[in-house]
Number of protein chains: 2
Amino acid sequence: MNGKATTTRTRLDRGRNALGPALELVHTGRAPTRAVLTAELGVTRATAGAVAAELEALGLIRVDSNPGAAAGSQGRPSHRLAVDEKGPVALAAQVHADGFRAALVGLGGTIVATAPGCVTVSADPAQVLGAVVDAGAALLRESGRRCVGAGLAAPSAVAEPEGTALNPLHLAWPAGAPVREIFAERVRAAGIEGPAFTGNDVNLAALAEHRHGAGRGARDLLCVATGHRGVGGALVLDGRLHTGSSGLALEVGHLTVNPEGRPCHCGSRGCLDVETDPLAFLTAAGRVPGPEVSLLQQSRDLLRTSPDDPGVRVAVGELIDRLGLGLAGLVNILNPDRIILGGLHRELLDADPERLRAVVADRSLWGRSGGVPILPCTLDHNSLVGAAELAWQPVLDDPLAALGREPA
Amino acid sequence: MNGKATTTRTRLDRGRNALGPALELVHTGRAPTRAVLTAELGVTRATAGAVAAELEALGLIRVDSNPGAAAGSQGRPSHRLAVDEKGPVALAAQVHADGFRAALVGLGGTIVATAPGCVTVSADPAQVLGAVVDAGAALLRESGRRCVGAGLAAPSAVAEPEGTALNPLHLAWPAGAPVREIFAERVRAAGIEGPAFTGNDVNLAALAEHRHGAGRGARDLLCVATGHRGVGGALVLDGRLHTGSSGLALEVGHLTVNPEGRPCHCGSRGCLDVETDPLAFLTAAGRVPGPEVSLLQQSRDLLRTSPDDPGVRVAVGELIDRLGLGLAGLVNILNPDRIILGGLHRELLDADPERLRAVVADRSLWGRSGGVPILPCTLDHNSLVGAAELAWQPVLDDPLAALGREPA
DNA sequence: CTGAGTTTGTGCCGCTACTAAACAAAGTAC
DNA sequence: GTACTTTGTTTAGTAGCGGCACAAACTCAG
């Protein structure tokens, strides 16, 4: 009887490699029960059980032993899996033309708390980012919850790997501002734990829609949206954002959609940017935009108050035709299996979905690829939720390492 | 002393999961020695050794114990790894405007044997594919080597998952011909072992260039090429072809590159297809194309015989400008880290690389993404090599399962 | 209400494919 | 020739799974 036992098993002897995938399944709502989790992971019940127990021990999910309203089929009801509503949160921040917004986002993409800050956007990035981070820090203190990290959604292309904002034009920031660095520094200064990330707002909206919204289940998801000026695009491939080699992919604004259109600063004319953004809409509708509120808001107001105004109808039709041409061009290049529209483009889709779909199908090659579903985005504050996804990603990739136990 | 030994080790007790990745490293030339293989795989020397031994036992690679001209640094010289030149081959087939071609391609993308068939391309796909498969079968018999499968490069978009050719216009085939099915059936009928695959020729050329040619090491590789009529594109992301959700991605031919250009059958005008293909070149140079040989060949001949002819120079300049505009549009959408040009586009690049690079940089956003390297393709018969890659893929994914031992 | 059937959770055993570590081999550097 | 460096090999140990048997929790038929 020597002291050397054959093997003193540690508590967690399985499921280590499946921990991340399992959490992602719960996070995206694809694993409502332990039985489904078992099937989705392709492991045995024993392993899935260990995984669920470990994620519960980490405070990330809850395993509801009480079956309650299980029902449905025969057999023993499966334990329900859900995100732990008292678990950690990610700090999400967004800066846009109308101001900024901070929020706490839990697993599953649920916004736990939010604080809009409508101060005038300053020309100094450090000042604005400091304000939004401070607002987030206040939310965190109030909630008393653990923070896994912070994410920022910026209304600009973000160059990789430097993290500089290349075209923050409507923020009046200097082009090339090192937003990622500034944001990370402010996050550290505010005493917020965890890493800090920065991404383009349309990219992050696409990511959020893919995981929690209208893009669920899509393999090649294309998102196109317009907020204030210009048009943004994003592509999610196999669940991951495609940002290109230097973060500049899906700069779709300069597709030609109207050869006789108005000149664009890029040197061409009739670009998607200048033909389908809110300014183009207001102009086409014969309105003169005011300075008080964002152009998107003015466009929405106009669409809601006078949808039957002749000028508005013409403008809607024109913009739909231009947008459809641009989308068809993207369909021919990317061949997505779903398209999601945001901002004013979403309003255009709502105004006349048939017309838009017809244009896209007509101008896509062989019609086939043109039959792609075009949907409006469904999440509130999807860029904000997407920013939180950035912060959650390390936890989804490796929960043990990210949460500090057993530092990998 | 019971008969149960603690564990009777089987021959291969490690490296099972690393077998595929290891073979891919040797296949693409990224693992010249066992030491490098160890580092690239991120495993211990023991595992890498077992992997190399197993791949050698499978007849796929050779481990050169004889150091020979090792040298270089200190320490014990590493065993060199190389593809086994007597190992199995893949049957590659290509059909194009000038005829067809069959070849045997070994690991590493080396063409072992080839047989061009220059018969007139028939309007009956089954007949042409039968001829090319028969030519390949003859090569196989002569060589006496084992066959891992067959791949076909078709000059048409291939719809997924059906495998139908959507636009085999210059073959005079019916649109929608089930080429994948026909090819697979002919391969079976010829008694060739292994699965049969079919892909678009430009896609396959891109795959081949990525693994063995000018695209090595690129993460986001864009290929654009023009053969006879129209323009093809392909994208390789993280080593895998991006074909889109229904195989129709990178149909780049209808980007607008000349708003006042000639009308295109797609309904627009000035499309890349009609502005930069060999017909456009010959026309711009004031030549009337003849019917004997492919338009690409006529263009090449013209470029080589009269490069200083004023008409030719103007045509080259015009086409470069149009092509550059199209590439810039793709760069803005895809943000690749490398571009490879084939067919006539390659000739245009060779004719005036600076002009093309300048146009792309000038019309790309913020210049940054426009600084992407633009290179000519470097492989002979890259579509053919790419077709073989399709057949090799199962072996690269799981050598044991694909080669029949221990059927997974 | 009872027993059969179905589906899910859990404990135990063993295997497989790895790592770790010590050692041997084959070169270079001085 | 000796020290050092790097690579290959052998052996022992083990993490993280699968497989199986059994228990648990339901439905359903009668």
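Side-chain atoms are counted along with the backbone in the values below, which use heavy atoms only and exclude waters and symmetry mates. Sequence lines set the chain letters: A, B, ... in the order given, protein chains first and strands last, and positions in each chain run from 1.
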Please determine if B:Glu85 and B:Arg62 form a salt bridge, counting it only when a charged side-chain N lies under 4.0 Å from a carboxylate O.
yes

Tell me whether the side-chain N/O atoms of B:Thr47 come closer than 4.0 Å to OP1 or OP2 in C:dC18.
no

Should the pair B:Glu54-B:Arg14 be classified as a salt bridge under the 4.0 Å nitrogen-to-oxygen rule?
no

Take A:Arg45 and B:Arg45, find for each the nucleotide of DNA chain C with the closest heavy atom, and name the residue whose nucleotide sits nearer the 5' end.
A:Arg45

Among the candidates D:dT5, C:dA22, C:dG9, find the nucleotide nearest to the side-chain atoms of B:Gln74.
D:dT5

In whole Å, I'd like the distance from the CD atom of A:Glu40 to the C1' atom of C:dT8.
17 Å

Out of D:dA21, D:dT6, D:dG16, minimum distance to the side chain of A:Arg14 belongs to D:dG16

Start with the C-alpha distance between B:Arg211 and B:Glu389, add both sets of side-chain angles, then the distance that settles salt bridge (charged side-chain N to carboxylate O under 4.0 Å, His left out), and finish with yes or no.
CA-CA 9 Å; B:Arg211 295 196 178 164; B:Glu389 291 298 323; 2.6 Å; yes

Donor-acceptor pair under 3.5 Å, B:Arg76 side chain vs D:dT6 base:
no

5'-most by nearest nucleotide on DNA chain D - A:Gly75 or A:Ala18:
A:Ala18

Whole-Å distance between D:dG8 P and B:Glu56 CD?
13 Å

Which of the following nucleotides, D:dG16, C:dT8, D:dG18, is nearest to the side chain of A:Arg16?
D:dG16

Mind telling me whether A:His27 and A:Trp392 have parallel, tilted or perpendicular rings, with 30° and 60° as the class edges?
tilted

Return the value, rounded to whole Å, for the distance between atom CG of A:Leu37 and atom C1' of C:dT7.
16 Å

Can you check the A:Glu54 CD to D:dA15 C1' distance for me, whole Å?
14 Å

Just the rounded figure in Å: distance from C1' of D:dG8 to CZ of B:Arg80.
16 Å

Using whole Å, what does the distance between atom C1' of nucleotide D:dT9 and atom CG of B:Asp13 come to?
13 Å

Nearest to side-chain heavy atoms of B:His79, which nucleotide of D:dG8, D:dA21, D:dA25
D:dG8

Using OP1 and OP2 only, check whether a side-chain N or O of A:Ser78 sits under 4.0 Å from C:dT7.
no

If you look at every strand shown and take non-hydrogen atoms under 4.0 Å, does B:Ala46 touch a base, only sugar-phosphate, or nothing?
base

Looking at D:dG19, D:dA21, D:dA25, which one has an atom nearest to any side-chain atom of A:Pro77?
D:dA25

Which of these, B:Val89, B:Leu60, B:Val395, B:Val148, sits in a side chain to side chain contact (heavy atoms under 4.5 Å, CB included) with B:Leu107?
B:Leu60

Take atom CG of A:Asn17 and atom P of C:dT16, then tell me their distance rounded to the nearest Å.
18 Å

